[in-house]
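Inspection log for the structure reproduced underneath, given as structure tokens.
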Amino acid sequence: MDLAFKDIRQNAGKFLATVFGVGLLLGIVLVMNGIYRGNIEDGIWLIENTQTDLWVVEEDTAGPFNEQSRIPRDTWKSLAAMPGVSQADPFISYQVERIIGGKRRRFTIIGYDVFGKMGGPGRLVAGRTIRQAHYEMVADAKLGMELDEKLHLGRHEYTVVGLTKNAKDATGSPLVYLSLPDAQEILYQKDNRALELSRSRTKSKLQEIGLSEGEREKVLPLVTGGASPDTINAVLVRLSPGAETRQTAERIENWLHLSAFTTEQEKRLVLKGRLRKMTATLGLFRALLIMVSIVIVALMVYILTMQKLRPIAMLKLLGASGGTIVRLILEQSLLLTLGGFGLAYLLASEVVVGFGLFPRNLVLLPGDTVTTFAIVLAGGIVASLAGVWKALRTPPSNALG
Amino acid sequence: MFVLNVVGLKKVYGSGDLAFTALENIDFSVQEGELAALLGPSGSGKSTLLNCISLILEPTAGRIEMGGKTVYADGRMQVPARRFRRQNIGFIFQGSYLIPFLNVLDNVCLAMELNGRKGKQARERGMELLRYLEMAHRCTSLPGKLSGGETQRVAIARALANNPRLILADEPTASLDTARGLKVMELLKTIAQERQAAVIIVTHDERMIQGFDSVNRLQDGNFQITEQSGS
């Protein structure tokens, strides 16, 4: 006779309500695991999905994602000529906010050499890659755009020729890929009114220093224009077969006065820099939530046991062995933990992730789920052992009042 | 033949200045088929004696023999108490001491299962006992749905499940009205006669002990009077 099942069957409502409560609590723990992992995955997605061996950035900076990096566009040519380098392509990225489909959407523009291909979109779910130097774009499906749809950016309209899925920057915002000149133009080109104001201001300054009208007209194009459109954020470098990564990076750093990072180093920079506080906060919150869950699960298991002390004393009076009593308690504890965790997993994976109820990326890793389960199970068992200890110490005479 | 023989039993609670002697030099025996009553006011030591006999409480001194076997002597238990209890003693108590989450039949079968008798055989025996006690129609009911008299009859069925040689009943009629109490006592008398089990009943109700084979009156931990039937 399985006493644990008999007890649960007779008190099904109470037990199911407890399982539901534990399930909701553990569901929050799993969602928090997902947020934590999602934050990390988003943070390094772009780095991992840009097929490059080295990220070359401005000297002594941790760019291009962890901090700002500005290098002249032509740097890629010098890099391409370095020993050990088989390909070098310019790269630029920045965030913008525009109205798409009537909604204000934030996204990151990636500018890359559409003919060199490095830095461009990976697998497309629809359409094709950019084939023209101008006015074509590849957008992530999350932006809600369709193929051949047009988007006004800067002074031109860009046509969607391809769609990616889940292409995102470190903040989880979707990506839009453009050719490098287009991306630079959108970033640096001022509108006509701003240009006109800048020109007249410069003209009056040139007049103040005594230049004639003719001289001013000649000099003006050389001194206006603001930030240089010839600036990029990084150069992506692919190494020649057999080239040693560290050696090539050091050569680049020593001879071109730039900083070079491997993909792993670049990921570490982001994880230990930009994402560190957020990840640490989420990690701490996750740990606290797990601890609170364990305490609550343990308390529930303990209370379930304490509520049965009188029947347990009665069982002992009837001559039940310690094993019978331990089995009664442990089985219920296991069923509570398993039931609660099963419900939690369903809620987290099928409801929250499945229906996309959470605004950020949730990543449920099997390893995290198994570890959380093991921790909660261990907590439940420890609480059961406390209950078992109490139950085994209960004298049978307690049943007699 | 003696089912139970208690010689010079002593039970002291606490030690030193706080020591309290609950039982002192108790000599007591019951035979097969005997219906014995333990009478006494509250605090006289009735329940302590019953707990010592049932091996729930370890005595301080004396000797207890059951079915010719010494179970307590020389200041220690001579047998594994829990196993000996489930194999040889049946219990009936005044309140509802049935397992609340088991139905009537499961409560009876549990006593057998704990003794290694399981499955169909146990259920058939359980139903047989419930029919004997006219409780078969309530076999699927939970203890909480039973009346006081029905609860006691189920408790009796459970006490009989393992064919014990000794049945101990602690105030089995306390929660019943007189008519139902007398019916339970009649039933216990019948069981003692039919099954040749020794039945010891603790009670403080003089009306309930008519027809008992022996009546043992306890006062402050000592037997004051022991009456045999016909005396």
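Each chain gets a letter, A, B and so on, in the order its sequence line appears, and its residues count up from 1. Bear in mind the structure is a predicted one, so any value in this text is a computation, not a measurement.
- Using a 30° and 60° split on the angle between ring planes, A:Phe373 and A:Phe341 fall in the perpendicular class, above 60°.
- Tested against B:Met66 for a side chain to side chain contact (heavy atoms under 4.5 Å, CB included), the candidates B:Asn5, B:Ile53, B:Val3 yield a single pass: B:Ile53.
- If you take CG on A:Leu377 and CG on A:Leu338, they are separated by 6.5 Å, rounding to the nearest 0.5 Å.
- Of the candidates A:Asp368, A:Asp42, A:Thr279, A:Asn361, A:Arg37 forms a side-chain hydrogen bond (donor to acceptor under 3.5 Å, both in side chains) with just one, namely A:Asp368.
- Salt bridge B:Lys145/B:Glu150: absent, no basic N to carboxylate O contact under 4.0 Å.
- Judged purely by distance below 3.5 Å, without hydrogens or angles, the side chains of A:Thr369 and A:Thr372 never pair a donor atom with an acceptor atom.
- Checked options B:Val202, B:Ile201, B:Asp170, B:Leu168; the residue passing with B:Leu38 is B:Val202 (criterion: side chain to side chain contact (heavy atoms under 4.5 Å, CB included)).
- Taking CG of A:Leu16 as the start and NZ of A:Lys14 as the end, the distance is 12.5 Å to the nearest 0.5 Å.
- In this structure the side chain of A:Val22 never reaches within 4.5 angstrom of the side chain of A:Thr337, judged on heavy atoms.
- If you measure heavy-atom distances from A:Ile8 to chain B, you find no contacts under 4.5 Å at all.
- Using a 4.5 Å heavy-atom cutoff, the side chains of A:Ile303 and A:Met306 are not in contact.
- To the nearest 0.5 angstrom, B:Gln152 atom CD is 11.5 Å from B:Leu133 atom CG.
- A:Lys316 touches chain B through backbone and side chain together, each having a heavy atom under 4.5 Å away.
- Atom OG1 of A:Thr305 sits about 10.0 Å away from atom CG of A:Leu385, to the nearest 0.5 Å.
- For B:Leu142, the part sitting under 4.5 Å from any heavy atom of chain A is the side chain, from C-beta outward, and nothing else.
- At a heavy-atom separation below 4.5 angstrom, chain A is approached by B:Glu113, B:Leu114 within residues 113-127 of chain B.
- When the candidates B:Arg158, B:Gln87, B:Arg82, B:Arg85 are compared by the number of heavy-atom contacts under 4.5 Å with chain A, B:Arg82 comes out ahead.
- For a residue to count as touching a neighbouring chain, one of its non-hydrogen atoms must lie under 4.5 Å from one of that chain's; by this rule B:Arg83 does not touch chain A.
- Looking at A:Asp7, both its backbone and its side chain come within 4.5 Å of chain B, counting heavy atoms on both sides.
- Proximity to chain A at a heavy-atom threshold of 4.5 Å picks out B:Ile99, B:Pro100, B:Phe101, B:Leu102, B:Asp106 from residues 99-108 of chain B, in numerical order.
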